[in-house]
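Shown next, in structure tokens, is the structure this report addresses.
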Amino acid sequence: MIEWIESVLHTTVQMGTVYLLASLGEIYAERSGILNLGLEGMMIMGAALSFIFTLAYGHLAAIIVSIIAGILMSLILAVMAIHMRLNQVVTGLALTILGLGLSGFLAFPEIRKKILLTLNPTLPEQALITQEAPKLPEIAVPLLSDIPLIGKSFFHHNVLVYVSYIAAITMWFILFKTKLGLSLRSVGEDPATADSLGVNVFLVRYLATVISGGFAGLAGAYLFIGFHPFWQEGMTAGKGFIALALVILSTWNPLRAILGAYLFGGVETIQFRLQLFGFGAQSPYFLAMLPYLITIITLILISFENLKKRIGVPKALGIPYSREQD
Amino acid sequence: MPRKIRTPLGVVRIERRVTYPRYISVLTTLLAIFLAFAAVAIILTLMGVDAANAFMIIGKAFIDPRLLLQSIKQAIPICLSALGVGIAFKMNFWNIGAEGQIYMGMLASTGMVLLHAYYGMFNEQSLLAIMFISSFILGGAWCLLPAFLRAKLNVNEILTTLMLNYVAILIVDYLIHGPWRDPKGYGFPLSIEFPDYAKLLFIFNNPSYTGLLIAVLGAAAAYFILKYTKLGFEIKVVGQNPNVARYAGINISKVITLGGFLSGGLAGIGGLSIVSGIIGRLRPRASPGYGYTAIIVAALAGLNPWLIVVASIFFGGLLTAGESLQASMNIPKTATQMIQAIIFLFILMGEFFKRYRIVFERKEGGKGA
């Protein structure tokens, strides 16, 4: 029984980390007033590039390149949303479509082969045609991994899972306990006042957007090399958008995002466990709907909370800032 | 005070244009498309693909009469859903769910055909009309839920409409792999083929012409609703300024719910045009993302119904070209998705140059203020 719980929790954390990494960055962007709807596209780019670069140069290069790709895409969003003051919903969507198209293009067998040969001409034939890449190794944390139940479930993972723990706590601390975090939140609530108090609204928003892009790229890299190292076109399957819902559920708080991420991770784990038990053997389609339906239900439930308490949404979310009155 | 940016070439000011003539709008759009293709050419060349040849193939989708008809056929679902998306966007209701609403439209029209074929319901003359009505209603209903949740509980419609896309695709997957599979279809996940009277063939016996008529009628309907009806007026006011709408006594919840239903319904008919126009039966993943392309088309056309018709033929051509590219040059179909997205980004940036003017000042601190 204990072992079963351990393995369920272990998978829950594995699945949840995808959501956690993606939503941590998005929390920063939204706290600063920028809605990054390109999350899904940045994640899939991270996944595709980590596939290609793991084969060519190994895991570390893959992770770095994925983060850079996320940052570059978020810079496009930043310029368009912050300086050009364009609508953030459509801009983000455009980036998502771009990511889905570009990733499918780059990872398409013929094209991928050319890229791989350019990157590393010494690659064996096998690496040029495979759809798989080596997974990140799991490292047990000394001492902590010996704790019963918790050890196996939370401290027997690959390095990116530990990165997500540390990032969540650090980002919570920065957001709520430091001056920088205060600036970030004030920019998202009332940019004009923040500006008059000497906060550089544009700079803060750029930083936050870039952070969200970097984390989205990292989440994509984790999804591929840390979780499911088998390339499928469009393999994010809406996970970026579920992460966006998670941001709302977490009320823009990195620590709560941990809970939310594992809630969604848990739902997917249960879905797979039920499939193993033979539930929905004839029609796996209904089980596959679960994450999307749960997302809608949580959005509805949280809206009741929001109506009651009026908490949460950064007031300037999605509104471009300009010093002119227009 | 206008914003100033110091550059090595002098001071650059960004001014909001008070009015902008139509030619600027047309010019920026054309320039954006040109720049997008330039960007695509660079990417293709970097990947070792012959860009000139690829563009020739893309051009053919608009010149070769047979391919042009194919392009128009593919444009129909895009156009109808883009009209729906346009109505939703007009009221600042971000319906990203056209894809799911398309699937519900396909489901409804196929369901009616199966009821007719298996249980002998409806006669031959009325079947197509019933398919139209049912796909409109089911597509609309699929958008009604997010619209209602947004109107009553302020639930984010971007996420709910998007999540419902995945749900709709899975429902169709289930039906077509299960109860709706053609018993004589050798186990392939396909429905029975629609009888001719359930296909869009009533003009020149050709789905492209028939579809084009439906698309133009759809555009006319959207134009009429937005311009000449009370609902259309209210949709615009709600979109432009909800506060004004509230003071004017407009029931915002009702407008969003009704507008959402209309928006989803149009996409639903787009779904019908796929099963009874393009494929002639239902199969899984029958829409290669028409609903997402529709969003790009709506934005490109500036939400204007007539321009949506033109823009969707352009994108229908791109999709058709994508198929030829995959067949003749082994370029993945996703390349067209990439081209679409790049055009989308440039069009959006063009939006900025329509609204603002960039003024170069030779001497630093020249005219100022």
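In the text below, chain A, chain B and the rest are named by the order of the sequence lines, each starting its count at 1.
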Below 4.5 Å from any heavy atom of chain A, which atoms of [X] appear? Answer side chain, backbone, both or neither.
X      : result
B:L348 : both
B:L345 : both
B:I96  : side chain

What residue, out of [options], has the most heavy-atom pairs lying under 4.5 Å from chain A?
options                       : answer
B:T160, B:N156, B:L162        : B:L162
B:V49, B:T293, B:I43, B:V167  : B:V167
B:N330, B:L149, B:L145        : B:N330
B:L164, B:T336, B:L170        : B:L170
B:I342, B:T334, B:I343, B:L46 : B:T334
B:F344, B:F89, B:F353, B:Y166 : B:Y166

Residue that, paired with B:N165, satisfies side chain to side chain donor-acceptor pair (under 3.5 Å) out of B:W142, B:Y292, B:Y103 |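 When B:W142, B:Y292, B:Y103 are each tested with B:N165, the side chain to side chain donor-acceptor pair (under 3.5 Å) holds only for B:Y292.
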Should [X] and [Y] count as side-chain neighbours, where that means a heavy-atom distance under 4.5 Å?
X      : Y      : answer
B:D173 : B:R285 : yes
A:I242 : A:L246 : no
A:T96  : A:L37  : no
B:V297 : B:L300 : no
B:Q101 : B:N95  : yes

What part of [X] gets within 4.5 angstrom of chain B, counting heavy atoms only: side chain, backbone, both, or neither?
X      : answer
A:I115 : side chain
A:V90  : both
A:M289 : both
A:I111 : side chain
A:T91  : both

Here the gap from A:L100 atom CG to B:Q340 atom CD, rounded to the nearest 0.5 Å, amounts to 11.5 Å
Is it the case that A:E40 and A:T236 place a side-chain donor and acceptor less than 3.5 Å from each other?
-> yes
Please check if the distance between the ring centroids of B:F352 and A:H83 is under 6.0 Å.
-> no
